[in-house]
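Atoms within a ligand are numbered from 1 in the order they appear, just like the ligands themselves.
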Amino acid sequence: MIGIGLLGYGTVGQGLYKIVSERRDQLSYILSDEMEVLRVLVRDLDKKRDVEIDKDKLTLDFERILDDSNISIIVEVTGDLEKGYNYIRRALEKGKHVVTANKAIVSAYFEELSTLASNKGVYFLYEASVGGGIPLIKPLKDIISFNEVSSIEGILNGTCNFILTKMTEEGLSYQDVLKEAQRLGYAEEDPSSDVEGMDTLRKLRILSTLGFGGVITEDDILCDGIENISDLDIKLLKGKNRVVKLIASTYAFADGYCSIVQPRAVEVGSYFANVNLAFNSIGIRGNYIGDLKLFGSGAGMLPTANAVLTDCIDVVLKNQNLETPLRGKGLKNNNKEIFGRYYIRLDSGTEEAFEDVIIEKLHEEPLCFLTREIRLMDLLDKIASYEEGAYSIIGL
Ligand code: NAP
Ligand code: HSE
């Protein structure tokens with residue numbers, strides 16, 4: 001029997017339990033053995049759950065899972081950064097395989113946990129941590145084995161994309177749509193990590209570190225979220241035939257890379273403009289593979305649980321390499337070389353400081369305008385030296 005110890009019984013954990021229960025026979029067939037979730041770690045034993053489970057399986061005690069010799073795979077889907085990290089580290093140290101959907105942990109401890117797993121000869125897999133249900137990490141690992149990846153760009157957060165789509169297409173308010181995204185199980189327990197861009201940044205950290213074979217940490221990525229975007233921004237940009245999306249991009253150059261998460265107003269009809277609701281899409285460019293686009297559900301119970309289960313299956317069938325996929329090359333950060341044209345909204349103050357960059361004014365109060373091409377760092381300096389009130393910067 002293939003025993004699974006499940007850490008967390010929320011959206012993703014319940015999704016995994018549901019699929020494993022519903023597909024027991026098919027799984028037995030492809031794995032030549034029965035797969036069963038033997039124990040589940042939760043915080044509250046009495047909480048009402050949507051997917052029914054035998055209460056005897058629930059526990060508050062991680063040690064019961066760690067010490068259970070029938071459990072060979074630990075699936076970590078708690079969303080808790082520090083406790084989750086400790087559970088994963090201890091499980092790997094004990095020689096258990098680990099599958100996680102927790103990008104916060106993968107991002108914060110990527111090198112350490114990958115090396116630990118490799119040294120212990122066990123799997124550390126995290127397909128669901130980026131792009132939800134989209135098969136992305138495993139294809140990327142295959143691509144980097146012989147391609148040189150030159151760029152990765154994508155919509156990586158279902159919650160933000162859901163909010164922006166509903167604000168644009170249905171004119172709904174930011175707060176109302178955020179509540180709906182929470183109800184649908186897309187948002188993190190603390191949704192500020194979604195809307196402030198941290199969740200996307202962590203995913204970009206994972207993809208760029210893998211893709212470029214370097215060490216690109218959270219601090220190496222510029223980041224802005226969608227929390228300052230107003231109905232007016234969306235309306236004015238719609239008038240310019242553009243829709244706002246939160247986009248993560250990373251580009252490799254001969255001597256380094258640049259990496260940024262920023263709201264961007266993309267042209268209606270362009271590829272990313274058509275990625276809506278909680279869907280995600282990722283473009284990868286490599287010297288042999290050319291331009292690859294992957295598209296699918298970026299969040300939600302079953303698509304995410306599906307990705308977790310594919311990792312569990314890969315563990316059992318030994319479908320992936322046990323060596324760490326990380327290369328750890330020293331790469332130079334070139335973020336200061338990011339140039340672009342921008343839409344700016346300034347909620348107070350005058351336009352004097354911006355006279356040399358404005359090419360078109362879209363609104364007087366608050367002042368909204370489009371800039372000429374400018375170095376992003378110079379624009380941020382201008383804003384920092386002048387502006388005390390709220391503002392929004394959207395790349396074009
Ligand atoms: P969730 O619905 O909030 O569920 C979290 C579960 O973990 C709950 O059952 C909770 O227990 C348990 N838990 C939390 N902290 C714990 C702790 N310290 N010790 C023991 N149990 C703990 O979260 P989720 O949406 O399933 O997300 C789980 C992970 O998957 C997160 O890292 C998230 O980023 C990632 N992810 C989620 C999605 C998605 O669409 N939701 C997609 C991709 C990746 P109680 O129920 O008893 O409170
Ligand atoms: N909160 C995340 C999102 C879950 O909205 O994309 C999937 O990683």
Side-chain angles (χ1 to χ4, degrees), residues 5-18 39-51 53 55 58-65 74-88 99-108 126-134 136-137 154-165 177-178 180-204 206-207 225-226 246 248 261 275 277-282 296-308 311:
L6 183 55
L7 313 184
Y9 202 63
T11 304
V12 184
Q14 292 182 73
L16 180 72
Y17 192 79
K18 182 177 162 65
R39 289 183 202 278
V40 182
L41 184 74
V42 291
R43 287 177 298 200
D44 177 355
L45 293 173
D46 299 319
K47 192 165 165 182
K48 184 169 167 3
R49 314 280 170 182
D50 293 333
V51 176
I53 185 166
K55 281 232 163 140
L58 300 182
T59 178
L60 300 172
D61 184 3
F62 172 67
E63 309 302 323
R64 287 192 65 197
I65 296 179
I74 299 230
V75 173
E76 192 285 327
V77 284
T78 64
D80 186 318
L81 174 60
E82 285 315 319
K83 286 198 177 132
Y85 157 67
N86 275 306
Y87 297 151
I88 291 178
V99 170
T100 184
N102 193 330
K103 51 272 153 128
I105 296 176
V106 181
S107 173
Y126 36 85
E127 183 59 70
S129 67
V130 189
I134 304 173
L136 166 61
I137 299 291
I155 293 177
L156 300 178
N157 185 274
T159 303
C160 289
N161 208 44
F162 185 79
I163 293 173
L164 291 170
T165 305
V177 193
L178 173 57
E180 198 184 342
Q182 286 175 298
R183 188 181 57 75
L184 291 167
Y186 302 151
E188 299 300 307
E189 191 168 31
D190 173 4
S192 59
S193 63
D194 291 298
V195 297
E196 289 172 8
M198 267 314 282
D199 180 82
T200 303
L201 177 147
R202 289 167 174 152
K203 291 166 175 169
L204 187 61
I206 296 167
L207 294 183
I226 65 161
L246 186 67
V261 173
V275 177
L277 299 170
F279 287 101
N280 282 187
S281 181
I282 299 93
S297 297
M301 178 189 268
L302 295 176
T304 309
N306 186 86
V308 170
D311 273 348

Which residue and atom name correspond to the protein heavy atom nearest [atom], and how close is it?
{"atom": "atom 23 (O) of ligand 1", "value": "Thr11 N, 4.5 Å"}
{"atom": "atom 8 (O) of ligand 2", "value": "Lys103 NZ, 2.5 Å"}
{"atom": "atom 6 (O) of ligand 2", "value": "Gly158 N, 2.7 Å"}
{"atom": "atom 44 (C) of ligand 1", "value": "Ala101 O, 3.4 Å"}
{"atom": "atom 5 (O) of ligand 2", "value": "Thr159 OG1, 2.6 Å"}
{"atom": "atom 5 (C) of ligand 1", "value": "Thr78 O, 3.4 Å"}
{"atom": "atom 17 (C) of ligand 1", "value": "Arg43 CG, 3.8 Å"}
{"atom": "atom 37 (C) of ligand 1", "value": "Val12 CG2, 3.5 Å"}
{"atom": "atom 28 (C) of ligand 1", "value": "Val77 O, 3.3 Å"}

* So Leu136 and Leu207, side-chain contact (heavy atoms from CB on, under 4.5 Å) or not? Walk me through it. -> CA-CA 9 Å; Leu136 166 61; Leu207 294 183; 3.9 Å; yes
Between [X] (side chain only) and [Y] (backbone N and O only), is there a donor and an acceptor less than 3.5 Å apart?
{"X": "Asn280", "Y": "Gly154", "result": "no"}
{"X": "Glu76", "Y": "Ala101", "result": "no"}
{"X": "Tyr85", "Y": "Ala104", "result": "no"}
{"X": "Asn102", "Y": "Val77", "result": "no"}
{"X": "Arg49", "Y": "Tyr9", "result": "yes"}
{"X": "Glu127", "Y": "Ile137", "result": "yes"}
{"X": "Thr304", "Y": "Ala128", "result": "no"}
{"X": "Gln14", "Y": "Val51", "result": "yes"}

Closest contact, heavy atoms only, [X] versus [Y]:
{"X": "Tyr126", "Y": "Asp311", "answer": "N-OD2, 3.3 Å"}
{"X": "Asn161", "Y": "Phe279", "answer": "ND2-O, 3.2 Å"}
{"X": "Gly132", "Y": "Ala307", "answer": "O-CB, 3.4 Å"}
{"X": "Leu45", "Y": "Lys55", "answer": "O-CE, 3.6 Å"}
{"X": "Ser281", "Y": "Ile134", "answer": "N-CD1, 4.5 Å"}

Of the backbone atoms (N, CA, C, O) and the side-chain heavy atoms from C-beta on, which set of [X] has a member under 4.0 Å from an atom of ligand 1: side chain, backbone, both, or neither?
{"X": "Thr304", "result": "side chain"}
{"X": "Met301", "result": "neither"}
{"X": "Val42", "result": "both"}

What's the separation between atom [atom1] in [X] and atom [atom2] in [Y], rounded to the nearest 0.5 Å?
{"X": "Leu58", "Y": "Asp44", "atom1": "CG", "atom2": "CG", "result": "9.5 Å"}
{"X": "Thr78", "Y": "Glu189", "atom1": "OG1", "atom2": "CD", "result": "9.0 Å"}
{"X": "Met301", "Y": "Leu16", "atom1": "CE", "atom2": "CG", "result": "10.5 Å"}

Need the ligand 1 atom indices (1-based, order shown) with element for anything under 4.0 Å from a heavy-atom of [X].
{"X": "Lys47", "value": "45 (P), 46 (O), 48 (O)"}
{"X": "Gly8", "value": "6 (C), 7 (O), 9 (O), 12 (C)"}
{"X": "Asp44", "value": "47 (O)"}
{"X": "Arg49", "value": "9 (O), 45 (P), 46 (O), 47 (O)"}
{"X": "Ala299", "value": "40 (O)"}
{"X": "Ala128", "value": "43 (C), 44 (C)"}

Polar-atom distance check: [X] versus ligand 1, any N or O pair below 3.5 Å?
{"X": "Asp199", "result": "no"}
{"X": "Tyr9", "result": "yes"}
{"X": "Asp80", "result": "yes"}
{"X": "Gly300", "result": "yes"}
{"X": "Gly10", "result": "yes"}

* To do: Using non-hydrogen atoms of the residue, decide whether Gly132 is closer than 4.0 angstrom to ligand 2.
  => no
* Minimum non-hydrogen distance to atom 33 (C) of ligand 1, winning option of Glu76, Gln14, Glu188 -> Glu188
* Structure fact -> Note: heavy atom closest to atom 39 (C) of ligand 1, options Gly185, Ser129, Gly79, belongs to Gly185
Atoms of ligand 2 less than 4.0 Å from [X] heavy atoms?
{"X": "Tyr186", "result": "1 (N), 2 (C), 3 (C), 4 (C), 5 (O)"}
{"X": "Asp194", "result": "1 (N), 2 (C), 3 (C), 5 (O)"}
{"X": "Glu188", "result": "1 (N), 2 (C), 4 (C)"}
{"X": "Lys203", "result": "2 (C), 3 (C), 6 (O), 7 (C), 8 (O)"}

* Asked: Of the backbone atoms (N, CA, C, O) and the side-chain heavy atoms from C-beta on, which set of Asn157 has a member under 4.0 Å from an atom of ligand 2: side chain, backbone, both, or neither?
  -> both
* Distance-only side-chain donor-acceptor flag, Ser192 / Asp190, under 3.5 Å -> yes
* Asked: Do any non-hydrogen protein atoms sit less than 4.0 Å from atom 3 (O) of ligand 1?
  -> no
